[in-house]
Amino acid sequence: MSFDKDFLFNLKKLEREFYLKPVVKVARNLLGKIFVKLERNIVLAGMITEVEAYDGKSDQASHSYKGLNKRNQHMFYLGGHTYVYFTYGVHYCLNVVACREGYGAAVLIRAMEPLLGVEKFSYRRFNKRKLSEKEFQNLLNGPGKICQAFNLTTKQSGKDLLGDEMFILDYKNLSNKQIGCSERIGISKSKELMWRFYIKDSKFLSK
DNA sequence: TCTGCGATATTC
DNA sequence: AATATCGCAGAC
């Protein structure tokens, strides 16, 4: 199986309806789907392997928990938009907004398997072209790494994933057996919720 | 292979 | 003061 442009462009873009379901369901369903960003002369694509769900008012770990502010405003957009935020003074993180407009739920994209644009990813992440096996696996296996490789910043926050610049393609539908879950990483509140989901046999997961 | 730490924008 | 992170240095 090869992931060239022709293969990708025969896949169908996820429709609005996909994003309007409860956020945990959207999170699980995003596993195995293909995130695509079109740049000037290049196609960047990765298969989503690890995600975390963040709900609205009920979830103390969610950016939207305390209501709308300047930083989190895009998290309240209609499902199917992006929410990119800056954190630790260093890193950007990509989220996919879920549910109706004004609800404030999103899926943090934590890891992907690189498919197209590997050379671009390599330069942005390691400033070189030839990578070891280990480096290849580490291209997109963390939320900050994804944004570095795809060159995503707050400029790309609030974009519609049903548009032409960035979108998600329907690809794999995974069974419950193939999906692992755990506590979310790096939070202190609402830790008991098992809302981190990942593809069990993937080599492209965060640490 | 692992642990601790520094970097530092944004919000409360 | 805390945070939805990462890469590096130094210990072993």
Interatomic distance, A:Leu94 CG vs C:dT5 P [rounded to whole Å]:
14 Å
Contact class for A:Leu108 vs. all strands (heavy atom < 4.0 Å): base, sugar-phosphate, or nothing?
base
Give a yes/no on whether any side-chain N or O of A:Arg110 is located under 4.0 angstrom from OP1 or OP2 of C:dT5.
yes
Separation of C:dC6 P from A:Phe126 CZ (nearest whole Å):
12 Å
Between the base of C:dA4 and the side chain of A:Tyr85, is there a donor-acceptor distance below 3.5 Å?
yes
With a non-hydrogen cut-off below 4.0 angstrom, is A:Arg196 in contact with a base, only sugar-phosphate, or nothing?
nothing
Ignoring backbone atoms, test whether A:Asn69 places a side-chain nitrogen or oxygen under 4.0 Å from the OP1 or OP2 oxygen of B:dC12.
yes
Please name the nucleotide paired to C:dA1 by Watson-Crick or G-U wobble geometry with both distances under 3.5 Å, or report none.
B:dT11
Can the ring centroids of A:Phe150 and A:Phe121 be said to lie less than 6.0 angstrom from one another?
yes
Scan side-chain atoms only and decide if A:Asp55 and A:Tyr103 contain a donor-acceptor pair under the 3.5 Å cut-off.
yes
Rounded distance (Å) that lies between atom P of C:dC6 and atom NZ of A:Lys145
6 Å
So what does A:Tyr88 hit on the nucleic acid, given a heavy-atom distance under 4.0 Å: a base, only sugar-phosphate, or nothing?
base
Nearest to the side chain of A:Lys66, which nucleotide is it out of B:dC12, C:dC6, B:dT11?
B:dC12
Nearest-angstrom distance from the residue atom CG of A:Leu152 to P of C:dA4:
20 Å
Whole-Å distance, A:Met75 CE to B:dT10 P, equals 18 Å
Which part of the nucleic acid, if any, lies within reach of A:Ser188 when heavy atoms closer than 4.0 Å are counted: base, sugar-phosphate only, or nothing?
sugar-phosphate
Considering only C:dA4, C:dC6, C:dG7, which nucleotide approaches the side chain of A:His91 most closely?
C:dC6
A:Asn72 atom CG is separated from B:dT11 atom P, nearest whole Å, by 8 Å
Can you check whether A:Tyr54 stacks with the C:dA4 base, using ring centres under 5.5 Å and planes within 30°?
yes
Give A:Arg71 one of three labels, base, sugar-phosphate or nothing, depending on what nucleic acid heavy atoms sit under 4.0 Å from its own.
sugar-phosphate
With a 3.5 Å cut-off and no angle check, do the side chains of A:Asn10 and A:Lys5 form a donor-acceptor pair?
no
Whole angstrom value for the distance that separates P of C:dC6 from CD of A:Glu135
16 Å
Any side-chain donor-acceptor pair under 3.5 Å between A:Asn141 and A:Lys145?
yes
A:Ser122 and A:Glu119: CA distance, side-chain angles, deciding distance, side-chain hydrogen bond (donor to acceptor under 3.5 Å, both in side chains) verdict
CA-CA 5 Å; A:Ser122 304; A:Glu119 193 166 311; over 6 Å; no
Quantified in whole Å, what is the P atom distance between nucleotide C:dC12 and nucleotide B:dC5?
15 Å
Would you kindly give the OH-to-P distance between A:Tyr92 and C:dC6, to the nearest whole Å?
15 Å
Between A:Asp59 and A:Tyr65, is there a side-chain heavy-atom distance shorter than 4.5 Å?
no
Closest to the A:Ser62 side chain: C:dA4, B:dC12, C:dT5?
C:dA4
